[in-house]
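All remarks here apply to the structure that follows.
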Amino acid sequence: MTVRRLLALPLLAGLLAGCGIRATEVPTDFGPAPSRVRCSLSEPDVTTQSARGVPVRVFLLCGSSLVAVDRSVLVPDGAAGAARRVLVAQGLLDELAESPSSAEKAAGYTTDVRGGIKVSGPGAKDPDDTLRLSTSPTDLTSYALAQLVCTFSDSAAAEGDGSVVLGGPAEAPRRYECTDEVRSRPGSKEPPSTEVKDG
């Protein structure tokens with residue numbers, strides 16, 4: 001019995017060694033690994049851009065981050081100073097509230113900003129660069145607030161320092177910043193803000 005077991009060991013080892021995938025001389029090509037390219041438009045979306053107006057960028061949601069897309073905002077000739085800032089801000093807000101185009105939807109773009117919000121200039125005691133919204137910034141979703149802050153702070157509606165002063169109908173305005181963390185995680189990282197002194 002012992003001799004039979006010893007003779008069976010090499011046979012068993014040979015069988016086990018034969019299990020598995022053997023190398024082949026035949027080339028195989030199954031193509032590149034599958035990928036889903038999102039948040040990238042293959043070419044400018046002319047349906048969302050106007051031949052007239054001020055070229056601007058708005059931040060839409062794509063995946064879990066904010067991505068800038070090109071737009072244009074109509075500003076009447078002769079508008080200057082605070083009036084121009086308010087017009088640009090309202091135009092940007094309207095663009096954010098618009099449903100993304102079919103090409104943008106196909107690329108994965110969405111927006112969390114709802115229509116109907118109005119923008120006005122500073123109150124009597126506000127700093128000159130304040131933008132007042134018809135709804136409180138604290139009532140917006142973290143996504144919508146991030147979209148607004150990053151869009152406004154990157155435009156002629158703000159002072160160009162990466163921040164924007166926003167207030168609602170009643171509360172004191174605050175200076176909000178668009179940071180890298182906000183752009184990469186708008187759902188979990190709200191724009192940092194600080195109180196501003198009366199103008």
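Please read all numbers here as calculations on a predicted model, not as lab measurements.
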Considering all heavy atoms, the nearest Gly167-Pro137 contact: C-CD, 3.8 Å
Nearest heavy-atom neighbours spanning Ser184 and Pro186: C-CD, 3.6 Å
Heavy-atom closest pair, residues Val196 and Pro173: CG2-O, 3.2 Å
Gap separating the OG atom of Ser120 from the CG atom of Leu133, nearest 0.5 angstrom: 8.0 Å
Atom pair CG/CG of Leu145 and Leu166 - distance to nearest 0.5 Å: 7.5 Å
Ser193 side chain vs Tyr176 backbone, donor-acceptor pair below 3.5 Å: no
Note, Asp129 side chain near Arg85 side chain (heavy atom, < 4.5 Å): yes
Residues which pass side chain to side chain contact (heavy atoms under 4.5 Å, CB included) with Thr135, listed by chain and number, not counting sequence neighbours: Ile117, Asp139, Leu140
Worked verdict on Val165 versus Leu131 for side chain to side chain contact (heavy atoms under 4.5 Å, CB included): CA-CA 6 Å; Val165 179; Leu131 294 171; over 6 Å; no
Residue pair Val182 / Pro191: nearest heavy atoms and the distance that separates them: CG2-CA, 3.6 Å
Distance in Å, Leu96 CG paired with Leu60 CG, rounded so as to fall on 0.5 Å steps: 6.5 Å
Side chain to side chain contact (heavy atoms under 4.5 Å, CB included) against Asp154, all qualifying residues, sequence neighbours excluded: Arg57, Phe59
Sequence-distant partners of Asp180, salt bridge (Lys or Arg N to Asp or Glu O under 4.0 Å), two or more places apart: Arg183
Closest heavy-atom pair and its distance - Arg174, Glu195: NH1-CG, 3.2 Å
Qualifying residues under side chain to side chain donor-acceptor pair (under 3.5 Å), relative to Thr141, sequence neighbours excluded: Asp112
Counterpart residues, side chain to side chain contact (heavy atoms under 4.5 Å, CB included), relative to Glu181 (two or more places apart): Thr179, Arg185, Lys189
Counterpart residues, side chain to side chain donor-acceptor pair (under 3.5 Å), relative to Glu190 (two or more places apart): none
Set of residues satisfying side chain to side chain donor-acceptor pair (under 3.5 Å) with respect to Thr138, sequence neighbours excluded: Ser136
Contacts of Ser163 that satisfy side chain to side chain contact (heavy atoms under 4.5 Å, CB included) - sequence neighbours left out: Asp161, Arg175, Glu177
CA sep, side-chain torsions, deciding dist, call: Arg71, Val69, side chain to side chain contact (heavy atoms under 4.5 Å, CB included): CA-CA 7 Å; Arg71 291 284 194 277; Val69 297; 3.5 Å; yes
Short side-chain to backbone donor-acceptor contact, Asp126 and Gly123, under 3.5 Å: yes
From Glu104 atom CD to Glu98 atom CD, the distance as rounded to the nearest 0.5 Å: 10.5 Å
Any pair counted as disulfide bond (SG atoms under 2.5 Å apart), so long as it reaches residues 118-155, sequence neighbours left out: Cys150-Cys178
Disulfide bond (SG atoms under 2.5 Å apart) partners of residues 82-119, not counting sequence neighbours, each pair once: none
Whether Tyr109 side chain and Cys39 backbone form a donor-acceptor pair below 3.5 Å: yes
Contact summary for Pro122 and Pro127, nearest pair of heavy atoms: CB-O, 3.3 Å
Steps toward side chain to side chain contact (heavy atoms under 4.5 Å, CB included) verdict (Leu61, Leu66): CA-CA 5 Å; Leu61 297 166; Leu66 294 179; 3.4 Å; yes
Partner residues of Lys105 under the side chain to side chain donor-acceptor pair (under 3.5 Å) criterion, sequence neighbours left out: Ser99
Leu92/Phe152 under side chain to side chain contact (heavy atoms under 4.5 Å, CB included): CA gap, chis, key distance, verdict: CA-CA 7 Å; Leu92 291 168; Phe152 284 169; 3.9 Å; yes
